[in-house]
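Proteins come first, then strands; the chains are lettered A, B, ... in the order of their sequence lines, and each starts at number 1.
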Number of protein chains: 2
Amino acid sequence: MSSAGILIIGNEILSGKVVDENSPYLCHELRELGVDVERILTIPDVIETIANEVRAMSDRYDHVFTSGGIGPTHDDLTIEGIAQAFGRPVELNESIADRLRRNARGEINESTMKMAMIPQGASLLDAGDLWFPLVVIENVYVFPGVPELLRKKFESSRERFRGVPFELKHVYVTVHESEIAAELHELLVEFPNLLLGSYPKIRETEYRVMLTLESRDTGYLERALDSLLLRLPEHTILKVE
Amino acid sequence: MSSAGILIIGNEILSGKVVDENSPYLCHELRELGVDVERILTIPDVIETIANEVRAMSDRYDHVFTSGGIGPTHDDLTIEGIAQAFGRPVELNESIADRLRRNARGEINESTMKMAMIPQGASLLDAGDLWFPLVVIENVYVFPGVPELLRKKFESSRERFRGVPFELKHVYVTVHESEIAAELHELLVEFPNLLLGSYPKIRETEYRVMLTLESRDTGYLERALDSLLLRLPEHTILKVE
């Protein structure tokens, strides 16, 4: 079982100009792989803030995923922040520089060449059909902010994160949360290791609450589900999936 | 000028079951009001984590907005976490209890009554046409996780956050980011207080980069925009808004 932190870097998210699509995607994929995301943090493009938060997450979680701030412009400060987090200098990587030159098919300017500057000792992972590799420093995976590129890069590296996934069951209930809160509490006394979620939905017309039951142990999950269905009055259950 | 932190509380976000709609909404609204959101943090439903992060954000920012974890079930631990953050006991609030009784039109169970338990000394703000008030402890505003309810509650309290808003201009450019990076850098040397964003868009067919220029000073923003338009080759500019 491994843990993860997600660090979203970008003023555009904090100022409400761009909606972060990357953390929902990563949370969903990592859950499926059996990785526990314990924290998502969105911070501005400020080197010292990036450095502090990368360091803290790297110490605390098995994997850290950063998104954003790795392009050629003035506000792309992620690489510098990560280098500072680990006290490493930033240096030109010849392998990336070669790719940049090939991709540009000719002369490339200083701004583009900035993208070949990475922290000393970083590893490069092949990123499938993308010409730019995935940069890894210690346990920190450096992803781009553009959602399409992040997804392709994640796809190319996803298998290295695979652990024991959770099994998930949904129970849709037609009464209010407060009418079943006692039963949920009793269920957790019987199954203390069950991950039980209760989500009221006010836009839905067919049900009022979606319950989620999760465990990495399929037998335990089945027994907990049976126990829940016995506790709830039959007419309150719309469906189980 | 005031600052804000947003704290999203809920395992359902971290496990990828629910996409957080509340932080994008709050970021957008707060920006319009002139409030700087400096951090968004998503954490699990764990009392000690909630307490630590509420305390840290409350010390650091003018306003803290929490979302989620205030219902009647076992995983609703936000109120206890906030109470612990400020070293206050949780106690029954008679005004909320009365509303709960009126709303239920009769007997109410213990789980429902949990929603009337709030930290000692909290204030209640009227929440418009919602029967449940907005709970405020020091500079922490406690919002529900259900997006429709969060929005209604925010609408009822938004004017208290109004400051000097940013003016925003968009410039859509038809060349790659790296081709204009030098010009953007020079613009910032001339206008160091300009907030300048550069966002490559790969799904768009009409332009390649969206530039955003922001300032609280309209004259400064206009001068910076004029300067940018002079620096960029005319054929690279698709439109200015």
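Comparing B:Leu184, B:Leu26, B:Leu196 by heavy-atom pairs within less than 4.5 Å of chain A, the highest count is held by B:Leu196.
Under the rule for a ring-ring contact (aromatic ring centres under 6.0 Å, His included), the partners of B:Phe191 that lie at least two apart in sequence or sit in another chain are B:Tyr220.
Both the backbone and the side chain of B:Leu41 come within less than 4.5 Å of a heavy atom of chain A. Heavy-atom distances place both the backbone and the side chain of A:Leu14 under 4.5 Å from chain B. For B:Leu168, the part lying under 4.5 angstrom from a heavy atom of chain A is the side chain only.
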Donor and acceptor N/O pairs, chain A versus chain B, under 3.5 angstrom:
from, atom 1, to, atom 2, distance (Å)
A:Lys17, NZ, B:Glu214, OE1, 2.5
A:Lys17, NZ, B:Glu214, OE2, 3.4
A:Glu21, OE2, B:Arg203, NH2, 3.3
A:Arg39, NH1, B:Glu53, OE2, 2.9
A:Arg39, NH2, B:Glu53, OE2, 3.2
A:Ile40, N, B:Thr42, O, 3.2
A:Ile40, O, B:Thr42, N, 2.8
A:Thr42, N, B:Ile40, O, 2.8
A:Thr42, O, B:Ile40, N, 3.2
A:Glu53, OE2, B:Arg39, NH1, 2.9
A:Glu53, OE2, B:Arg39, NH2, 3.2
A:Thr73, OG1, B:Glu177, OE2, 3.4
A:His74, NE2, B:Leu196, O, 3.0
A:Asn109, ND2, B:Ser178, O, 2.9
A:Thr112, OG1, B:Ser178, OG, 3.2
A:Glu148, OE2, B:Arg203, NE, 2.5
A:Glu177, OE2, B:Thr73, OG1, 3.4
A:Ser178, O, B:Asn109, ND2, 2.9
A:Ser178, OG, B:Thr112, OG1, 3.2
A:Leu196, O, B:His74, NE2, 3.0
A:Arg203, NE, B:Glu148, OE2, 2.5
A:Arg203, NH2, B:Glu21, OE2, 3.4
A:Glu214, OE1, B:Lys17, NZ, 2.5
A:Glu214, OE2, B:Lys17, NZ, 3.4

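Taking 4.5 Å as the limit, some side-chain heavy atom of A:Val146 sits within range of a side-chain heavy atom of B:Pro200.
Expressed to the nearest 0.5 Å, how far CD1 of B:Ile40 lies from CD1 of A:Ile8 amounts to 9.0 Å.
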